[in-house]
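A short write-up of the structure that comes next.
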Amino acid sequence: MESRIAIIGIIVEDIDASVEVNDILHDYGMYILGRMGIPYHERGLNIISIAIDAPQDVINTLAGKLGKIKGISAKTTYSKISEQVEK
C-alpha cells in the first residue's frame with residue numbers, strides 16, 4: 001500500500017462546527033503527524049493545519065468528510081514523494 005504525506009488546510013468559519021471537526025480528526029488520529037490551530041479573532045474564524053501520512057484514499061476520505069461540514073473549508077496538498085508500506 002502506498003503512503004503519502006499531505007497537509008490539510010482547514011478554515012473554520014462556524015465555531016459550532018468545531019466539535020464535528022475534532023471528532024473526525026480524532027477518528028483519523030493514527031495517521032496525523034501534527035496539528036496546528038490558529039484562532040483569528042479579528043475575522044471570527046480559526047485556521048487549522050494538519051500534517052498526515054496515510055494512503056491517498058484515507059487522506060481523500062478525511063478531507064471529503066471535513067469539506068462536507070457546513071461552515072468548514074478544507075483543501076489538501078500532497079508531497080510528490082510516496083512510499084510503499086506493509087499492511
Side-chain angles (χ1 to χ4, degrees):
M1 180 183 313
E2 185 179 42
S3 181
R4 304 281 309 264
I5 303 292
I7 300 292
I8 301 175
I10 305 165
I11 305 290
V12 181
E13 297 171 346
D14 179 0
I15 197 69
D16 294 332
S18 296
V19 172
E20 192 172 354
V21 169
N22 285 324
D23 288 345
I24 292 170
L25 294 177
H26 176 77
D27 292 343
Y28 288 83
M30 70 178 77
Y31 300 107
I32 294 174
L33 302 172
R35 169 182 174 167
M36 178 180 63
I38 303 169
Y40 192 0
H41 301 292
E42 293 81 10
R43 293 284 194 118
L45 53 83
N46 293 301
I47 303 161
I48 303 170
S49 178
I50 305 294
I52 188 168
D53 184 356
Q56 186 165 348
D57 61 334
V58 171
I59 297 169
N60 290 340
T61 300
L62 170 56
K65 287 181 179 182
L66 292 168
K68 288 181 182 179
I69 302 170
K70 183 179 178 188
I72 301 296
S73 298
K75 297 293 180 189
T76 306
T77 301
Y78 289 92
S79 167
K80 293 180 182 177
I81 300 170
S82 63
E83 180 177 304
Q84 289 295 113
V85 293
E86 293 181 26
K87 288 186 180 180

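We're numbering straight along the sequence, starting at 1. Because only heavy atoms are used, hydrogens play no part in the values below, and waters and symmetry mates are left out as well, while side chains stay in.
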Query raised in the report: How far apart are the C-alpha atoms of Leu62 and Leu66, what are their side-chain angles, what is the distance that settles it, and do they pass the side chain to side chain contact (heavy atoms under 4.5 Å, CB included) test?
Result: CA-CA 6 Å; Leu62 170 56; Leu66 292 168; 3.9 Å; yes

Item to complete: Please assess Thr61 against Tyr28 for the test side chain to side chain contact (heavy atoms under 4.5 Å, CB included), listing each intermediate value before the final yes or no.
Response: CA-CA 10 Å; Thr61 300; Tyr28 288 83; 3.3 Å; yes

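The minimum heavy-atom distance linking Ala74 with Gly67 is given by the pair CB-N, 4.3 Å.
Using a 4.5 Å cut-off between side-chain heavy atoms of Ile, Leu, Val, Met, Phe, Trp and Tyr, with links allowed through other members, Ile72 and Ile11 fall into different hydrophobic clusters. The cluster map of Ile, Leu, Val, Met, Phe, Trp and Tyr, joined by side-chain heavy atoms under 4.5 Å apart, puts Val58 and Met30 in the same cluster.
Interatomic distance, CD1 of Ile5 versus OH of Tyr31, reported as 13.0 Å (0.5 Å rounding). Taking CD1 from Ile10 and CD1 from Ile69, the interatomic distance works out to 8.5 Å, rounded to the nearest 0.5 Å. With values rounded to the nearest 0.5 angstrom, Asp57 atom CG is found 11.5 Å from Arg4 atom CZ.
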With a 3.5 Å cut-off and sequence neighbours excluded, list the donor-acceptor pairs that the side chains of residues 33-54 form with protein atoms.
unit_1, atom_1, unit_2, atom_2, d
Arg35, NH1, Asn22, OD1, 3.2
Arg35, NH2, Asn22, OD1, 2.5
Asp53, OD1, Ser3, OG, 2.2

